[in-house]
Amino acid sequence: MRSIRIAISAAMLGALALPALSATPASAATVPTAPTATPAVSCYNLPPLPYALHTKAVTIRSKASSKTTALGVLYKSHKFSVSKKSSNWLYITDKTTGVKGWGSGTYVYRDVRMCLD
């Protein structure tokens, strides 16, 4: 019984020692490094994203106030540009209809770019 225990212990030690002995020394082992190719353009250096309409429609008003006269309606399918900003209001030019006026910045704003490093 004692000889079986010795034989099993020797086999276990041999199984554990064999991988350690066959491994290359630490100085000869290759260390994985990070890829050297980096993107040519950083996400933070890119220009801001364009303005987008984040609702079905926005009222274009004569002044930057919700109590002023409505000049038109900017729909999601319309092309538009933003030229200036005052508080939470944007001066919008609806290129589809030609109407110019102020639209709420609550519904017209730039999308946010996600930078995953």
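Nothing fancy with the numbering, it's 1 onward along the sequence.
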Side chain Arg110, main chain Leu49, donor-acceptor under 3.5 Å:
yes

With under 30° as parallel and over 60° as perpendicular, where do the rings of Tyr109 and His54 fit, or are they tilted in between?
parallel

Note, Leu53 side chain near Val58 side chain (heavy atom, < 4.5 Å):
yes

Minimum side-chain heavy-atom gap Ser65-Trp102 below 4.5 Å:
no

Under 3.5 Å: donor-acceptor pair, side chain of Ser104, backbone of Thr106
yes

Check for a donor-acceptor pair, side chain of Arg113 on one end and backbone N or O of Tyr44 on the other, with a separation under 3.5 Å.
no

Quick check: are there more than 12 heavy atoms from other residues, nucleotides or ligands sitting under 6.0 Å from NZ of Lys85?
no

Over-ring placement of Lys84 relative to Tyr91, 6.0 Å and 45° cut-offs
yes

Within this structure, what is the CG-NZ distance for the pair Leu71 and Lys100, rounded to the nearest 0.5 Å?
12.5 Å

Would you kindly confirm whether Leu90 and Tyr107 end up in one hydrophobic cluster when ILVMFWY residues are joined by side chain heavy atoms under 4.5 Å apart?
yes

For Ile92 versus Gly103, what's the shortest heavy-atom pair and its separation?
CD1-CA, 3.7 Å

Supply the atom-to-atom distance Thr59 OG1 to Leu74 CG, rounded to the nearest 0.5 angstrom.
9.5 Å

Output the distance between atom CH2 (Trp89) and atom NZ (Lys63), rounded to the nearest 0.5 Å.
13.0 Å

In Å, rounded to the nearest 0.5 Å, how long is the span from OG1 of Thr93 to CD1 of Ile60?
8.5 Å

Checking Lys79 side chain against Asp94 main chain: does a donor-acceptor pair fall under 3.5 Å?
no

Roughly how far, to the nearest 0.5 Å, is CG of Asn88 from OG of Ser66?
11.0 Å

Is the number of heavy atoms from other residues, nucleotides or ligands under 6.0 Å of Tyr51 OH greater than 12?
yes

